[in-house]
Trainee: 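The structure follows.
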Amino acid sequence: MNTAGELQIYNSLSGQKERFTPIHANRVGLYVCGPTLYSEPHMGNMRTFINFDMVYRYLLKLGYEVKYVRNITDAGHITNSAGEAVDSIGKAARLEQVQSLEIVYKYNVKFQELQRIYNMLPPSIEPTATGHIQEQIEIIEQILKNGFAYVVNGSVYFDVKAYSQQYNYGILSGRKIDELEEETRELNAQEEKRFFADFALWKKANADDMQIWRSPWGDGNPGWHIECTAMSTKYLGQTFDIHGGGMDLKFPHHEDEIAQSCGAMGCNPANVWMHANMLNVNGQKMSKSLGNFFLPKEIVEGSTSVFTKSYTPNVLRFFMMQAHYRSTLDFTQTALDAAEKGFTRLSDALQLLDKVPTAGQSSFYVNDLIASFYSAMNDDFNAPILVANLFEAVKRLNLINDGKDNITADDLALLKTEMHSFTYDVLGILPTGVQNNDSKLAPVMDLVLELRQLSRENKDWTTSDKIRDQLTAAGIVVKDGKDGVTWSAQ
RNA sequence: GACAAGAUGGCCGAAGGGUGAAGGCAUCGGAUUGCAAAUCCGGUUUUUAUGAGUUCGAAUCUCAUUCUUGUCUCCA
């Protein structure tokens, strides 16, 4: 493990950066709220998962043994603001005339494919809500036993008022229930609840529910928040290190998770709460209702209505890594084009690591450069600074290649190891530019470039330029360097 | 309305009391090149939303104002 500083993480619970100390030395428990699989995740959903993939990757890089749990919500959410029963998974299923688990399966297959496309490391486990009904029931029973919940007509509600006698409901979101009460009273005319802020732990089944389970309170289904409490407790323990999720889950979802854990087990579930910010399109949160969303696959295929061209998963990941996870990020074509060019510059320089000449002495401090990679990430996973520092290394490599800077073989080996590690292992970029080794294309390119070289020697610029232009049009970029011609395919 | 987070160059975005406000993209000049591309060197653009205040010193802290976004029981 590197000792260039200590990892600091911004904790939403305290509102400040804190030195990260795992509960068990060298081991980290990480829980992230995963997707609700009633439709295909859009790019905004992916940003959160990619950000936490980066967090996971850096924790691994630091040498931690990380247990990364990301749930899959495959049980319907229960109610909406009007108190009307809404089972979003069941609803989508009815529309498409299939069973609810069939639709969950369908979108889970797509989600797993997206994880591969965007080079996300698989979590240690992806538990499902439907697979943990018993655990959820047991926690609800515990909350009831402790007096922080009540049963009404086959449903169970969390008793926020009783809870507030002992605990601080609103500790995460900063909300104060007594202030909220008057304004929201009219909107929440749910007769079953004793108090407007109470939330369902178990909801009695409706006749048309597609998912129904048996429970001590009758047939029904679990409330939205209880699954995370059940699964994080089962796989990580009553209190674990880091709980992550999108900013929009802070309230009520995460607030209620805290209440459930305290209510059942008397302790906060997580020491550190991390929230990833939203992805915006033209200044607005990407969402289905606004119609400004696009699918992660569409943008790779170039079939969105928003952009006129496609971008590779690498470019998209790189683009996202140029913004801090706690900042909103605006997706625009000009920004993506800029990222694409910057990414090309970075990946070209990574190729140089194998080609650059070495010297007896280095003309700059390689160790300082490498230390800057660590200190960037140690500062609350500041990937944009890491990228900036990687570009410092890019500049050095280009200078070395031009004979204006020097590096020893040892330093180069070190730089290569760390640049590869931070680019590929931490940022999650997939290595590119290996097409030069393409067994079928390479001999053809050798021939074509030889012919071009002949015309160049004969000063037949028309022919040589035609070859170059045609290759460019075919997506193959030819570079005339000092020591010969190189090419790369996109 | 309540709560929360913001407002930084032509664009995307860092930094968050200490001289010259990262980095990428763009743009301009030079080097290199048959010409380009790539690369290198150098330059350009921000009175850090506005107005006050605290301080020896503020983009950074405080207050006010304007605006933006998010959440308020569907949400990554």
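Excluded from the calculations below are hydrogen atoms, water molecules and symmetry mates; all remaining heavy atoms, backbone and side chain alike, are included. Owing to the predicted nature of the structure, the values given are computational and were not obtained by experimental measurement. Throughout, protein chains are lettered first and strands after them, A, B, ... in sequence-line order, and every chain is numbered starting at 1.
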Trainee: Could you tell me which nucleotide pairs with U71(B) by Watson-Crick or G-U wobble geometry, both distances under 3.5 Å, or answer none if nothing does?
Mentor: A2(B)
Trainee: Return no unless some side-chain N or O of R345(A) is found under 4.0 Å from OP1 or OP2 of C40(B).
Mentor: yes
Trainee: How long is the line joining CD1 of I385(A) and P of G23(B), in whole Å?
Mentor: 10 Å
Trainee: Taking atom P of C11(B) as reference, at what distance in whole Å does atom CZ of F319(A) sit?
Mentor: 15 Å
Trainee: Using a 4.0 Å heavy-atom cut-off across all strands, classify F52(A) as base, sugar-phosphate, or nothing.
Mentor: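 Result for F52(A) = nothing.
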Trainee: Side chain of D248(A) only, heavy atoms from C-beta on: which candidate in C12(B), A76(B), A36(B) is closest?
Mentor: A76(B)
Trainee: Which of these nucleotides, G24(B), G34(B), A37(B), is closest to any side-chain atom of K479(A)?
Mentor: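 When the side chain of K479(A) is considered, A37(B) is the closest of G24(B), G34(B), A37(B).
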Trainee: Give a yes/no on whether any side-chain N or O of N398(A) is located under 4.0 angstrom from OP1 or OP2 of C40(B).
Mentor: yes
Trainee: In whole angstrom, give the distance that lies between atom CZ of F199(A) and atom P of C72(B).
Mentor: 15 Å
Trainee: For a quick check under 3.5 Å, do D53(A) and Y118(A) share a side-chain donor-acceptor pair by atom type?
Mentor: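 No, because no side-chain N or O of D53(A) sits under 3.5 Å from a partner of the opposite role on Y118(A).
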Trainee: On the nucleotide A76(B), are OP1 or OP2 found under 4.0 Å from the side-chain N or O atoms that T36(A) carries?
Mentor: yes
Trainee: Within the 4.0 Å heavy-atom criterion, would you say G245(A) contacts the bases, only the backbone, or no part of the nucleic acid?
Mentor: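 Counting heavy atoms under 4.0 Å across all strands, the contact made by G245(A) is with sugar-phosphate only.
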Trainee: Just call it for N51(A): base, sugar-phosphate, or nothing, with non-hydrogen atoms closer than 4.0 Å on any strand.
Mentor: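 If one applies the 4.0 Å heavy-atom cut-off, N51(A) turns out to touch nothing in the nucleic acid.
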Trainee: When you compare G42(B) with U32(B), how far apart are their C1' atoms, in angstrom units rounded to a whole number?
Mentor: 15 Å
Trainee: Which of parallel (below 30°), tilted (30 to 60°) and perpendicular (above 60°) describes Y374(A) and F422(A)?
Mentor: perpendicular
Trainee: Over all strands shown, is A388(A) touching base, sugar-phosphate only, or nothing at heavy-atom distances under 4.0 angstrom?
Mentor: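 Since a base atom lies under 4.0 Å of A388(A), the category is base.
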Trainee: Name the orientation class of the two ring planes belonging to H243(A) and Y31(A) (parallel below 30°, tilted from 30 to 60°, perpendicular beyond 60°).
Mentor: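 Tilted.
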Trainee: Looking across every strand, which nucleic acid part, if any, lies under 4.0 Å from A276(A) by heavy atom: base, sugar-phosphate, or nothing?
Mentor: nothing
Trainee: By the 4.0 Å heavy-atom rule, please label A197(A) as base, sugar-phosphate, or nothing.
Mentor: base
Trainee: Taking any heavy-atom pair under 4.0 Å as a contact, classify K459(A): base, sugar-phosphate, or nothing.
Mentor: nothing
Trainee: I need the OH-P distance between Y325(A) and A14(B), as an integer number of Å.
Mentor: 12 Å
Trainee: Measure the distance between the ring centre of F49(A) and the centre of the six-membered base ring of A76(B), then answer whether it is under 5.5 Å with planes under 30°.
Mentor: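 Ring-base stacking flag not set for F49(A) and A76(B).
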Trainee: Any side-chain N or O of R468(A) less than 4.0 Å from the OP1 or OP2 oxygen of A37(B)?
Mentor: no
Trainee: For F158(A), which of W202(A), F199(A), F195(A) qualifies under ring pair (Phe, Tyr, Trp, His ring centres under 6.0 Å)?
Mentor: F199(A)
Trainee: Please determine if a side-chain N or O atom of T486(A) lies less than 4.0 Å away from the OP1 or OP2 oxygen of A38(B).
Mentor: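 So the side chain of T486(A) is outside the cut-off, no N or O lying under 4.0 Å from OP1 or OP2 of A38(B).
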